[in-house]
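Each remark here refers to the structure printed beneath this line.
Numbers restart at 1 for each chain; the letters A, B, ... are given by sequence-line order, proteins then strands.
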There are 2 protein chains.
Amino acid sequence: MKQDSCQVTVIDRKRIELARKQMPGAEVLENVSEVLKLLGDTTRLRILLALATTELCVCDLAALLEMTSSAISHQLRLLRARGIVKYRKEGKIVYYSLDDPQVQSLIKVSMDQIG
Amino acid sequence: MKQDSCQVTVIDRKRIELARKQMPGAEVLENVSEVLKLLGDTTRLRILLALATTELCVCDLAALLEMTSSAISHQLRLLRARGIVKYRKEGKIVYYSLDDPQVQSLIKVSMDQIG
DNA sequence: CAAACGATTGAGCATACGTTCACGTAAGGA
DNA sequence: TCCTTACGTGAACGTATGCTCAATCGTTTG
C-alpha cells in the first residue's frame, strides 16, 4: 500500500481505477476548462451576456461596461480565438456577436443554475 | 454622439439600453463567474470529475491526478469554501464528495456541450 | 490630402493564481 | 511513548492574467 508514481500513498486502488475510467482525455479536459476559464471572468461574461441580447460594436460594449475599448478589444480577441464570438465590419465599425450555440447554451445554464 | 462616463464614444444608445436591461446585477455576475472560474482549471475540474464517480480521500485524489496531496488540498479548500465539495472524516482519512447538485449538473452540461 | 475616428496591438505593470516546500496537527500503530 | 501517516496551512516563487498606455492601421469625412 505504498509509493505510486510520485511519493503518494494509495488507500483504495479500486476507487482510483473507477474514477480513472470515467476521466476524459487530456485534450477534452483542456478544451472544456479553457472555455470555462473564458466564461469565468466578469468582463468577458458581461460581454457575452450583452452580445446574447444584441450585436454590438466595440465602443458600445465599452460604454456599456464602462471600460476602455482597448480593454474590450483585448478580451474580444480571446473570445474570437475560441470561436465564441464573430465579427462583421461595417465601414470602420466592427460589430460583434455570438458564434457558438453550445457556449451560448452553457452560459444560459450557468445563469439559471448558479445566478 | 460623444463622451459617455469614460471618454467612450457611443454609436447606438438603444442597443446599449437593451443590453443593459438584460444584464444581471453585480452580485449574480460575481457569483456565476466565480463558480465558472473554479471549474475552469484542469486540476479542479479533474478533482470534480473524479468525485462525480465516487467519494475519494485526498491521497487517492493525489495518486489519481499524479500530484502532491498538498496541491490537491489547496484546491479542495477553494472548492469547499464555495460549497462545491464536502468532506467526511474517518479516522485520519478525509473523504471528499460533491455537495452542490447545480454545480454538478453544470459540469455535466459542460462536458456534454463542449467536450 | 489631412484630420478624425473606431478598432487593434504590443509593451509594461500590478495583481492573481497554482504549485512547491517546510512545518504543524491529529490519529493510529509499534 | 515514539514513530508513522493523512491532511492542512502559510510563505515563497514563478507564471498567467487583465488592464493601461502609446502607437498603428483602415476607413470615413472635411
Side-chain angles (χ1 to χ4, degrees), chain A residues 1-4 6-12 15-16 30 33-34 36-48 55-82 85-97, chain B residues 1-4 6-12 15-16 30 33-34 36-48 55-82 85-97:
Chain A
M1 228 210 230
K2 267 254 188 169
Q3 262 296 64
D4 228 16
C6 60
Q7 82 267 17
V8 170
T9 306
V10 169
I11 300 289
D12 189 335
R15 287 190 187 176
I16 295 179
E30 199 61 50
S33 73
E34 201 149 7
L36 289 170
K37 190 175 299 183
L38 283 170
L39 303 188
D41 170 83
T42 48
T43 298
R44 287 188 295 263
L45 187 57
R46 289 195 297 160
I47 288 175
L48 294 174
E55 134 185 294
L56 283 167
C57 65
V58 177
C59 66
D60 280 359
L61 272 170
L64 174 61
L65 306 195
E66 296 183 14
M67 295 177 63
T68 65
S69 46
S70 173
I72 301 293
S73 201
H74 277 297
Q75 299 305 333
L76 284 171
R77 193 172 58 82
L78 299 177
L79 296 171
R80 227 168 42 210
R82 291 285 141 194
V85 301
K86 66 183 174 202
Y87 63 96
R88 170 176 78 80
K89 290 188 75 170
E90 193 167 295
K92 53 183 171 179
I93 299 176
V94 178
Y95 289 98
Y96 279 88
S97 55
Chain B
M1 231 210 231
K2 265 254 190 174
Q3 263 294 65
D4 228 19
C6 59
Q7 82 268 14
V8 169
T9 307
V10 169
I11 300 288
D12 189 334
R15 287 190 188 177
I16 295 180
E30 200 61 50
S33 74
E34 201 149 8
L36 290 170
K37 191 177 297 183
L38 283 171
L39 303 188
D41 171 81
T42 47
T43 298
R44 287 189 295 264
L45 187 57
R46 288 196 299 159
I47 289 176
L48 295 173
E55 136 185 291
L56 284 167
C57 66
V58 177
C59 66
D60 281 358
L61 272 171
L64 174 61
L65 306 195
E66 297 181 15
M67 296 178 63
T68 66
S69 46
S70 174
I72 301 293
S73 202
H74 276 298
Q75 299 304 334
L76 283 171
R77 192 171 60 81
L78 298 177
L79 295 171
R80 228 169 40 211
R82 289 287 141 196
V85 302
K86 65 183 174 203
Y87 64 96
R88 170 176 78 80
K89 289 188 76 170
E90 193 168 297
K92 54 183 173 179
I93 300 176
V94 179
Y95 289 98
Y96 279 87
S97 55

Determine all donor-acceptor pairs shorter than 3.5 Å in which one atom belongs to a side chain in residues 36-44 of chain A; sequence neighbours excluded.
residue : atom : partner : partner atom : Å
A:Asp41 : OD2  : A:Thr43 : N            : 3.1
A:Asp41 : OD2  : A:Arg44 : N            : 3.0
A:Arg44 : NE   : A:Leu38 : O            : 2.8
A:Arg44 : NH1  : A:Gln75 : OE1          : 2.7
A:Arg44 : NH2  : A:Lys37 : O            : 3.3

Legend entry - 5'-most by nearest nucleotide on DNA chain D - A:Ile72 or B:Arg77: B:Arg77
Legend entry - Spacing of B:Cys57 atom SG and A:Ile11 atom CD1 [to the nearest 0.5 Å]: 5.0 Å
Inset, instruction - Measure from OH on A:Tyr87 to P on C:dT8 and round the result to the nearest Å. - result: 8 Å
Inset, instruction - For B:Ile11 and C:dG6, give me the distance from atom CD1 to atom C1', rounded to whole Å. - result: 7 Å
Legend entry - Residues that B:Arg15 engages under salt bridge (Lys or Arg N to Asp or Glu O under 4.0 Å), provided they are two or more places apart: A:Glu55, B:Asp12
Inset, instruction - Under 4.0 Å between any heavy atoms, over every strand shown, what does A:Tyr96 touch: base, sugar-phosphate, or nothing? Just pick one. - result: sugar-phosphate
Legend entry - Whole-Å distance separating the CZ atom of A:Arg88 from the P atom of C:dA7: 12 Å
Legend entry - For A:Lys92, side chain to side chain contact (heavy atoms under 4.5 Å, CB included) partners two or more places apart: none
Legend entry - B:Ile47 CD1 to D:dC7 P, straight-line distance once rounded to whole Å: 13 Å
Legend entry - Reading 5' to 3' through nucleotides 14-30 of chain C, protein heavy-atom contacts under 4.0 Å coded B for base, S for sugar-phosphate only, - for none: ----SSBB-----SS--
Legend entry - Closest nucleotide among D:dC7, C:dG6, C:dT8 to the A:Val94 side chain: C:dT8
Inset, instruction - Take B:Val94 and B:Leu76 through the side-chain contact (heavy atoms from CB on, under 4.5 Å) test and state the conclusion after the steps. - result: CA-CA 11 Å; B:Val94 179; B:Leu76 283 171; over 6 Å; no
Legend entry - Contacts of type side chain to side chain donor-acceptor pair (under 3.5 Å), residue A:Glu34, not counting sequence neighbours: A:Arg82
